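Note on naming: letters A, B, ... go to the chains in the order of the sequence lines (proteins, then strands), and numbering restarts at 1 for each one. Everything numeric in this text was worked out from a predicted model, so none of it was measured.
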Amino acid sequence: MASKTDDQRIIEFDVRTDEMLVNMGPQHPSTHGVLRLVLRTDGEIVSQVEPHIGYLHRCAEKIGENLTPRQWIPYTDRMDYLAGMNMNLGWSLTVEKLLEHQIPDKARHLRVVIVELNRIASHLVGMGAYGLDLGTFSPFLYAFREREKILDLFEDVCGARLTYSYITPGGATADLPPGWLQQCEQFLDQFEPVIQEYHALLTTNSIFIKRTTGIGVISRDLAISYGCTGPVLRGSGVEHDLRFNGEEIYTEMYDGYIFEVVCEKDGQYPADEDYPDVPPEAVLGDCWHRFYVRMLEVVQSVKLVRQAMQRYSTASGDYGVPIKFNLKLPKGEVYLETESPRGQMGFFLVSDGSAIPWRARARSSCFCNLSITAEICQNCLIADIPAIVGSLDIVMGEIDR
Amino acid sequence: MVEQSFTEQLQSQFGDAVRDGDPDAIDRWIEVDTDRLAEVCEVLRDAENIQLDMLNRFTAVDYLHTDPKKAEKADWEPHMELVYHLSSIRFKHTLVLKVMIDRWNNGREGELPVVPSVTGIWRTADWHEREVFDLSGVEFSGHPNLRRILCPEDWEGYPLRKDYELPKEYHGIRGR
């Protein structure tokens, strides 16, 4: 429904509309949790959007000042609860950076397997829920069918299906169970062809294209200025992925892996015959592009998992021994960002030399991604609001912390 | 990401207002005087060879020991640090910037310290500054909409300050 607002204002029969304040949320199903948007509307047209957040604030940072780093791991799970493994990894690497702790090769590849699988699961929810936002129910079921299998794999690894606390400072809490790699391989073999189904259901669906192209356009400069990261930044054509451009302690995890940063370069996405074409009405930086970047990232993640499993089975060392619960941290402060499915997730750790951090801070990617809504939702239709907010793929747990 | 220090370049323009931080730190930082902050930030974003166009993170750290025994042993006076983490999309380098401020404006307890806002330089600073205002109690002059963001608007106190105490009661809900 990407029509010019000028056209919308031409009202038949000269009926006048009044300005109205509309509350959307915090219990609205398409706001992905407890987000409240206050819309100033004139008929169907939204002139101003004000997001109100904080309904899920659980004082995670204050709690972090009272727990040791390993004890805080479960709290990181509950921030971005759709990508718990990636959050665990972010905090673990931050602590390891402060300790200058090297983990064995095997643990490194194990982490890549787990983290990239979680990225697939997370993008699947992003895709399915986006379909729900736009009023189609079936993609959600298709997405959850496959996600279920990833959750089963994770359950075998750590016993939990959502809040894993699996990756910890020093390595992981356990090794992969016997036979797990074969199961994972089977899943990938079955999953790869299914991606085409998703493209048929949403990416190339003409209703979907009509609903998502040309709205919520974020230009390159706007995305950078608002600190947008992850698929939202790459959907605007910025080639930036911390798996390539991050700090050494993070990029060395991906050393020697073959994969690509998914974003539009010189007007083209990385060529692959299996990828559907970009529809002519799509504008770089609109909702469709953000969705498309996520779908292509899933393919890259599948490639990464395959390579990581290969390397894991031949690597030396073990899965890494977790650090002691009450290990005294060296004095200092470190900051580290990792590429989580929703963007750059950063953790900041200040230590005064005791076992408990002086300050534990989580930089949320969705927090920055969401802050742009007020800017891009101006003068759009009420029906486009769920489409725009959904395309940012936010998780309120991470925003409110 | 390459860590960079542009201290010399900045010092030629701002003199002593820009200083190098602890040289042994894992993430090295530069320290900037409060009143020159906005100008320094603008140079950092716009200078041809720096182009730090993204504000990744902005936070405040409160340095205060509530236990008098520990306060005696501490090697710092009570203060607050504002930490800005900047990065450049084009050059892929990063920089950490720090501003040291008093915990209270002019030492008058209850009066929040004031720091110039950088909202005009990086738009993302808008919400980050609101969060720091909300949780750590720092005011930003020139901020367009400085309200609490995570806590309810009628909340009292600044939770991430070390001397914060949970209220006894909030709208009929027991606090502690």
If the condition is side chain to side chain contact (heavy atoms under 4.5 Å, CB included), which residues does A83(A) pass it with, not counting sequence neighbours? D80(A), N86(A), N118(A), S122(A), P341(A), R342(A)
Do D352(A) and Y63(B) come within less than 4.5 Å of each other through their side chains, counting heavy atoms only? no
Run the numbers on E50(A) and R147(B) for salt bridge (Lys or Arg N to Asp or Glu O under 4.0 Å), then give the verdict. CA-CA 13 Å; E50(A) 215 192 315; R147(B) 290 182 297 122; 2.6 Å; yes
Taking the side chain as everything from C-beta on, heavy atoms only, tell me whether R57(B) gets closer than 4.5 Å to Q344(A). no
Can you find a pair of side-chain heavy atoms, one from Y335(A) and one from V83(B), that are under 4.5 Å apart? no
Residue among R45(B), H128(B), K162(B) with most heavy-atom pairs under 4.5 Å to chain A: K162(B)
Suppose we screen for side chain to side chain donor-acceptor pair (under 3.5 Å). Which residues come up paired with E139(B), at least two apart in sequence or across chains? none
Enter the distance from C59(A):SG to L166(B):CG here, rounded to the nearest 0.5 Å. 8.0 Å
Would you name the heavy atoms of I224(A) and D53(B) that are closest together and state the gap between them? CG2-O, 3.3 Å
Value rounded to 0.5 Å, distance of OG in S87(B) from NE2 in H240(A): 5.5 Å
More than 12 heavy atoms of other residues, nucleotides or ligands under 6.0 Å from CD of E100(A): yes or no? no
Does atom CZ of R174(B) have more than 12 heavy-atom neighbours, drawn from other residues, nucleotides or ligands, at distances under 6.0 Å? no
First locate atom NZ of K62(A), then atom CG of L135(B), and finally report the distance between them rounded to the nearest 0.5 Å. 10.0 Å
Closer than 4.0 angstrom, basic N to acidic O: yes or no for E239(A) and R90(B)? no
Can you tell if the side chain of I149(B) reaches within under 4.5 Å of the side chain of F367(A), non-hydrogen atoms only? yes
Check whether D134(B) gets within reach of chain A through its side chain, its backbone, both or neither, counting any heavy atom under 4.5 Å. neither
Might you work through the salt bridge (Lys or Arg N to Asp or Glu O under 4.0 Å) test for R363(A) and E131(B), ending with a clear yes or no? CA-CA 11 Å; R363(A) 182 262 188 204; E131(B) 194 186 326; over 6 Å; no
Listed by chain and number, what are the side chain to side chain contact (heavy atoms under 4.5 Å, CB included) partners of S225(A), not counting sequence neighbours? R123(B)
With a 4.5 Å heavy-atom cut-off, do F348(A) and H85(B) have their side chains touching? no
Would you say that more than 12 heavy atoms from the other residues, nucleotides or ligands in this model lie under 6.0 Å from the CD of E156(B), or not? no
Answer yes or no: are there more than 12 heavy-atom neighbours, outside Y254(A) itself, under 6.0 Å from its atom OH? yes
Chain B contact via R220(A) - side chain, backbone, both or neither, heavy atoms under 4.5 Å: side chain
Does some side-chain heavy atom of M54(B) sit less than 4.5 Å from a side-chain heavy atom of T229(A)? yes
Looking at every heavy atom in both T124(B) and G227(A), which two are closest together, and how far apart are they? CB-N, 3.9 Å
Taking the side chain as every heavy atom from C-beta outward, state whether V96(B) and E333(A) have any pair of such atoms under 4.5 Å apart. no
So which bits of residues 353-362 of chain A come within less than 4.5 Å of chain B, counting non-hydrogen atoms only? W358(A), R359(A), R361(A)
Going by heavy atoms in the side chains, are V350(A) and E81(B) under 4.5 Å from each other? no
Let me confirm one number: the CD1-CH2 distance from I399(A) to W127(B), rounded to the nearest 0.5 Å. 7.0 Å
Value for CD1 (I89(B)) from CG (D221(A)), rounded to nearest 0.5 Å, stands at 11.0 Å
